[in-house]
Amino acid sequence: MSKIKMKTPPVEMDGDEMTRVIWNMIKDVVIRPYIDLQTEYYDLGLENREKTQDQVTYDAAEATRRLGVAVKCATITPNAQRVEEYKLSKMWPSPNATVRAVLDGTVFRAPILVDGITPYVSGWKKPITIARHAYGDIYKSVEAQIPQGGKAELVVTMPDGTQTHHNIFDFNKSAGIVMGMHNTDISIRSFAHACFQYALDQHQDLWFGAKDTISKTYDHHFKDIFAEIFESTYKSRFEASGISYFYTLIDDAVARVIRSDGGFIWACKNYDGDVMSDMVATAFGSLSMMTSVLVNPDGVYEYEAAHGTITRHYYRYLKGETPMSNPIATLFAWTGALKKRGELDGISALTDFAQKVEDAMFETVRNGFVTKDLYVMSTLENKQVVTTEEFLNKIMANI
Ligand code: NAP
Ligand code: MG
């Protein structure tokens with residue numbers, strides 16, 4: 001058999017620790033035997049970020065904008081302990097945050113559902129994808145403590161210098177607290193476009209919920225922007241694709257999500273997305289089974305696993321333990337990127353191959369072969385623990 005040829009290279013962002021080991025295993029066992037793999041490679045491992053003073057992260061983000069599709073390995077976000085461990089000259093920022101900022105992207109997180117792992121919410125049969133608006137609100141807020149007798153006002157200075165004052169509260173009976181937060185039309189619009197585009201890409205309904213009945217200006221503005229963009233740009237494409245856009249109050253959205261059987265995209269404001277993504281991920285079973293896609297308003301896609309570099313496993317690996325971690329989310333980052341590349345370049349063999357790998361993964365788990373993390377959760381009777389490499393080999397045997 002001749003290898004599948006690629007046209008446009010995807011951007012490949014290598015990473016750290018256990019996931020860097022898994023990364024190479026996936027390329028060796030799954031991809032290179034079948035595909036003449038051509039990527040534009042950027043090493044985002046912490047050592048190279050230090051060596052390049054983080055320039056490599058910006059280069060990778062720019063390359064992603066240029067080429068349209070990227071696949072990223074998990075990377076260390078340094079903290080004080082990592083600065084020590086890696087002798088860093090600086091506490092480099094999170095590569096994910098850098099890439100997200102350069103691309104102005106929205107992150108979509110979706111669980112991979114397999115036989116034997118039952119969601120805690122028994123009605124959920126299909127994945128629920130959460131889109132979190134990762135800009136502003138309380139994450140860029142200004143807060144203050146107000147002593148009793150103090151007063152808080154909202155002062156807005158207009159472009160012409162005139163000011164408006166809004167009384168927030170007179171703290172004459174008690175001391176208290178106050179918070180000022182903001183968002184921008186540009187950011188909300190990017191978020192809305194990314195959500196509508198991804199819904200079309202996935203052929204799934206889009207839900208959005210905010211607290212517009214209480215927050216008549218702030219949250220209502222989100223609702224209005226979504227409605228306006230939907231009407232002007234996406235309505236007919238949604239109709240043609242047989243999907244719908246649905247806005248409801250956030251409380252109602254939460255109730256409907258629990259009662260649903262899944263299979264839709266749930267757009268969330270920043271705080272809602274922060275909290276709900278943890279709830280949804282836990283309810284679906286495991287962090288090791290969450291995928292993550294960064295989509296920008298121009299339709300640029302970056303695929304990765306939602307989990308980190310699995311440091312605890314890596315330290316055991318350095319002591320000689322055979323890798324036992326679950327490669328599924330990282331594998332699906334690769335298949336996601338290859339499928340998208342195949343789709344954009346019109347190479348059906350590439351898309352078909354990536355789909356076959358995914359199908360074979362589901363079959364492998366159905367046959368009872370799972371990594372340790374899934375073994376403890378699986379209700380399958382014929383279950384059996386395999387190492388990371390054995391698991392990948394089983395997948396390839398199933399193709
Ligand atoms: P983590 O790497 O996601 O791992 C946390 C724990 O979850 C692991 O110790 C393991 O539990 C379990 N786990 C996660 N993925 C697994 C998999 N594929 N297979 C089996 N078990 C898995 O989170 P962390 O330990 O908090 O963070 C480690 C590093 O990753 C940090 O330096 C952080 O900055 C970075 N990080 C990067 C990203 C990213 O690049 N997107 C995201 C998050 C964190 P057990 O040990 O109990 O087996
Ligand atoms: Mg959170």
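Remember, it's 1-based here, ligands and their atoms both numbered in the order they're listed. Basis for what follows: all heavy atoms, side chains included, without hydrogens, waters or symmetry-related copies.
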note = For residues 101-112, the salt bridge (charged side-chain N to carboxylate O under 4.0 Å, His left out) pairs (sequence neighbours left out) are none
Contact check, Lys72 vs ligand 1, heavy-atom distance below 4.0 Å = yes
ask   = What atoms of ligand 1 come within less than 4.0 Å of a heavy atom belonging to Ile76?
value = 32 (O), 34 (O)
query = Between Asp137 and Tyr271, is any pair of side-chain heavy atoms under 4.5 Å apart?
reply = no
query = At what distance is the nearest protein heavy atom to atom 9 (O) of ligand 1, and which residue and atom is it?
reply = Arg312 NE, 3.7 Å
message = I need the atoms of ligand 1 closer than 4.0 Å to a non-hydrogen atom of Ala74, numbered in the order shown.
response = 40 (O)
ask   = Is Arg82 in contact with ligand 1, taking contact as a heavy-atom separation below 4.0 Å?
value = yes
ask   = Considering all protein heavy atoms, does one lie under 4.0 Å from atom 2 (O) of ligand 1?
value = yes
key: From Thr39, Asp345, Leu37, Asp36, residue fulfilling side-chain contact (heavy atoms from CB on, under 4.5 Å) relative to Met6   = Leu37
Nearest-option assignment for atom 14 (C) of ligand 1, heavy atoms, candidates Met13, Met18, His307, His313 = His307
key: Test item: protein heavy atom less than 4.0 Å from atom 5 (C) of ligand 1   = no
ask   = Do Val114 and Met361 have side chains that get closer than 4.5 Å, going by heavy atoms?
value = yes
ask   = To the nearest 0.1 Å, how far is atom 37 (C) of ligand 1 from its closest protein heavy atom, and which atom is that?
value = Thr75 O, 2.9 Å
note = Closest to atom 38 (C) of ligand 1 among protein heavy atoms sits Gly308 CA, 3.7 Å
key: Nearest-contact summary for atom 27 (O) of ligand 1 - protein heavy atom, Å   = Thr311 OG1, 4.4 Å
Selection from Asp16, Val107, Leu287, Thr77 by shortest heavy-atom distance to atom 33 (C) of ligand 1 = Thr77
inquiry  = Between Asn382 (side chain only) and Asn367 (backbone N and O only), is there a donor and an acceptor less than 3.5 Å apart?
reply    = yes
inquiry  = Checking the side chain of Asp212 only, and the main-chain atoms of His220 only, is there a donor and an acceptor separated by less than 3.5 Å?
reply    = no
query = Just by modelled atom types, is the Thr387 backbone N or O under 3.5 Å from a matching donor or acceptor in the Glu390 side chain?
reply = yes
note = Heavy-atom proximity to atom 29 (C) of ligand 1 ranks first, among Thr19, Thr309, Leu44, Leu374, for Thr309
key: Nitrogen or oxygen atoms of Ala305 and ligand 1 under 3.5 Å apart   = no
query = So, Tyr245 versus Tyr247, ring centres under 6.0 angstrom or not?
reply = no
message = With a 6.0 Å cut-off on the ring centroids, do Phe284 and Trp124 count as close?
response = yes
request  = If you have a sec, work out which protein heavy atom is nearest atom 18 (N) of ligand 1 and how many Å separate them, to one decimal?
outcome  = Asn326 O, 2.8 Å
ask   = Would you say the side-chain atoms of Asn172 pair up with the backbone N or O of Gly149, donor to acceptor, closer than 3.5 Å?
value = no
query = For Arg316, is at least one N or O under 3.5 Å away from an N or O on ligand 1?
reply = no
request  = Return a yes/no value for Ser288: is any of its N or O atoms, backbone included, closer than 3.5 angstrom to an N or O of ligand 1?
outcome  = no
request  = Answer yes or no: does an N/O atom from Ser325 fall short of 3.5 Å to an N/O atom of ligand 1?
outcome  = no
query = Which atoms from ligand 1 have a heavy atom of Asn96 less than 4.0 Å away?
reply = 39 (C), 40 (O), 41 (N)
request  = Among all protein heavy atoms, pick the one closest to atom 22 (C) of ligand 1 and tell me residue, atom and distance.
outcome  = Ile310 CG2, 3.8 Å
message = Counting only heavy atoms not in Gln145 (residues, nucleotides, ligands), do more than 12 fall under 6.0 Å from its CD?
response = no
request  = State whether the side chain of Ser277 and the backbone N or O of Gly273 hold a donor-acceptor pair below 3.5 Å, judged by distance alone.
outcome  = yes
